[in-house]
Amino acid sequence: MAAHFEIDDSFIAAENQKARKWVEEDYEHLAKKLRRQNVDIEDLCAKAQQFRVAVPSWGVGTGGTRFARFPNIGEPRNIFEKLEDCATIFKLVRSTPAVSLHIPWDKPDDPKTLRDFASARGLRFDAMNSNTFQDQPGQKHSYKFGSLTHPDKPVRDQAVAHNIECIEIGKMLGSKAHTVWIGDGGNFPGQQHFRHALERYLESMRDIYDALPDDWRMFIEHKFYEPAFYSTVINDWGTSYYCARELGPKAFCLVDLGHHAPNVNIEMIVARLIQFGKLAGFHFNDSKYGDDDLDSGSIKPFQLFLIFNELVDAELNKIANFNPAYMLDQSHNVTDPIESLMMSAVELVRAYVQAHLVDRDALTLAQNNCDPLLALSTLKQAFTTDVAPILAVARERAGGAIDPFSAYRHSGYRQHKAEERPEIKGAAVSGLACKL
Ligand code: RM4
Ligand code: MN
Ligand code: MN
């Protein structure tokens, strides 16, 4: 894998040099402002440096819709090239040291080689993701009418075996969690017996749960519709919570921000799952209408902040069993995926730092005094504070870029990759493109 273009540290340092003066000025100014609120900017900077979010292997390839896919130049053609792109994101933003793999899209021929390749770049593997929402070449039974909940036992067994295989691969990669999202459901009223389908789901999931090592967690991901357009078996957080409880202490509920009906109060769902000790973590993205998989913070940044407000509240209150796994789950259809993932990671750190800025004593007082506007303005004060200088300084101190976006563009990374990675004619592109 020699002679592949990489952005080196000296290039990042030279780029940072251009912006250092204004960043120092802005940081100093913000430090003074925060001091008036009794906030130490260094504490916030440390928080920004601690934040971690995993990047999805499937997110570095260009996605598509059911209408079309418009490939980018220099797209990664295999999991090694995907990891190169993940390493580039990590190098510039410093908050993304883990990669979440989708199997079989990114099934490694030799997990040990892949693990070594990743760790040579400072990367490790986060949750595994199974795929029983598509048929794979050579597969015996079709998932057209379901997988873990299919009426026929051989289909269910095949789907269970696939999930267990994901766990086995994950063990060799050093992963500690397995995420199960299924597309099972019905397109027409009457197509599926609601109770029986859920019973079959639990029966299948018990078999997968039994294969889970003791130090692993199982993440159940719900979604209200799509690909089933009338009814979905694991459609909401209530069903997910019921299943997680039935399965046992290693099962938790994962919240993908695009998997709720418009206007649903997601931050409240998050608070409930925290309270019940069952929050697995997140698939971060943003959406306007459905499971749009848009970039985090691009449509509803205030909602993102309110979610982090709940998470930081739980962190500060040292809630038992609170250990959320943060992952991005986005589909980049018209942007360079590296740019989208970097900007999304930055938006998450921003929301996290802003949530740490909330004056919690003032908020509690306003709540106890039944003063809604004072409560809201306490939140708004944190949300409207421009913490960009904190994020820039945190990145630079960790060896990353003050401005990851412009450093990436100036590096010419994508153009270099276009030369290194000529399109393989006729080859299948793995990842979200397979949704087509
Ligand atoms: C689903 C869900 C899963 C993701 C697939 C590709 O809508 O979000 O997490 O693995 O898409
Ligand atoms: Mn997801
Ligand atoms: Mn989704």
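Every number for a ligand or one of its atoms is a count from 1 in the order of the listing. No experiment lies behind these values; they were computed from the predicted model shown.
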Student: Inside 2.8 Å of the Mn ion (ligand 2) but strictly below it, how many protein N/O/S atoms are present?
Tutor: 4
Student: Could you check which of Glu221, Met327, Gln330, His102 puts a non-hydrogen atom nearest to atom 3 (C) of ligand 1?
Tutor: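 The option holding the nearest heavy atom is Glu221.
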Student: Between Glu420 and Arg77, is there a side-chain N and carboxylate O pair less than 4.0 Å apart?
Tutor: no
Student: For ligand 1 and Asn129, I'd like to know whether there is a polar contact (N/O to N/O, distance under 3.5 Å).
Tutor: no
Student: Centroid-to-centroid, Phe51 to Tyr326, below 6.0 Å?
Tutor: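 Yes, the ring centres sit under 6.0 Å apart.
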Student: Centres of the Trp237 and His222 rings: under 6.0 Å?
Tutor: no
Student: Does some non-hydrogen atom of Glu226 fall short of 4.0 Å from ligand 1?
Tutor: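 Not so, Glu226 does not reach ligand 1.
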Student: Geometry only, no angles: is Trp181 polar-contacting ligand 1 at N/O separations under 3.5 Å?
Tutor: no
Student: Atoms of ligand 1 less than 4.0 Å from Lys223 heavy atoms?
Tutor: 7 (O)
Student: Tell me which part of Asp329 gets within contact of ligand 1: side chain, backbone, both or neither, using heavy atoms under 4.0 Å.
Tutor: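 The answer is the side chain.
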Student: Would you call Arg94-Glu396 a salt bridge at under 4.0 Å N-O?
Tutor: no
Student: With heavy atoms of Asp291 as the reference, note each atom of ligand 1 found under 4.0 Å away.
Tutor: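 Those qualifying, in numeric order: 7 (O).
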Student: Phe11: which residues meet the ring pair (Phe, Tyr, Trp, His ring centres under 6.0 Å) condition with it, sequence neighbours left out?
Tutor: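 Phe11 satisfies ring pair (Phe, Tyr, Trp, His ring centres under 6.0 Å) with no residue once adjacent residues are dropped.
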Student: Just say parallel, tilted or perpendicular for the rings of Tyr352 and His356, cut-offs at 30° and 60°.
Tutor: perpendicular
Student: Per the salt bridge (Lys or Arg N to Asp or Glu O under 4.0 Å) rule, which among Asp293, Asp291, Asp184 passes with Lys223?
Tutor: Asp291
Student: Under 4.0 Å, heavy atoms only, figure out whether ligand 1 is touched by the backbone of Asp293, its side chain, both or neither.
Tutor: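 Neither; nothing of Asp293 gets under 4.0 Å from ligand 1.
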Student: Centre-to-centre under 6.0 Å for Trp181 and Phe219, is that the case here?
Tutor: no
Student: Considering distance alone, does some N or O of Trp58 sit under 3.5 Å from an N or O of ligand 1?
Tutor: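 No; every N/O pair is 3.5 Å or more apart.
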Student: Taking the six-membered ring where the residue is Trp, are the ring centres of Phe308 and Phe284 under 6.0 Å apart?
Tutor: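 Ring centres of Phe284 and Phe308 closer than 6.0 Å.
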Student: Do Tyr143 and Ile182 touch side chain to side chain, with heavy atoms closer than 4.5 Å?
Tutor: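 No; the side chains remain at least 4.5 Å from each other.
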Student: Just which atoms of ligand 1 are under 4.0 Å from any heavy atom in Asp256?
Tutor: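 Those qualifying, in numeric order: 8 (O).
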Student: Quick one: which residue pairs count as a salt bridge (Lys or Arg N to Asp or Glu O under 4.0 Å) with a foot in residues 246-269, not counting sequence neighbours?
Tutor: Arg206-Glu246, Asp214-Lys250
Student: Taking distance alone, with no angle check, do Trp105 and ligand 1 share an N/O pair under 3.5 Å?
Tutor: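 Looking only at distances, the answer is no, because the N/O contact criterion of under 3.5 Å is not met.
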Student: Counting each atom of ligand 1 from 1 as listed, which ones have a heavy atom of His259 under 4.0 Å away?
Tutor: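 The atoms of ligand 1 under 4.0 Å from a heavy atom of His259 are 2 (C), 7 (O), 8 (O).
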Student: My understanding is that only residues two or more places apart in sequence, or in another chain, count here; which of them pass side-chain contact (heavy atoms from CB on, under 4.5 Å) with Thr384?
Tutor: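 Residues passing side-chain contact (heavy atoms from CB on, under 4.5 Å) with Thr384: none at all.
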Student: Short list, please: which atoms of ligand 1 are under 4.0 Å from a heavy atom of His283?
Tutor: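 Those of ligand 1 that fall under 4.0 Å from His283 are 9 (O).
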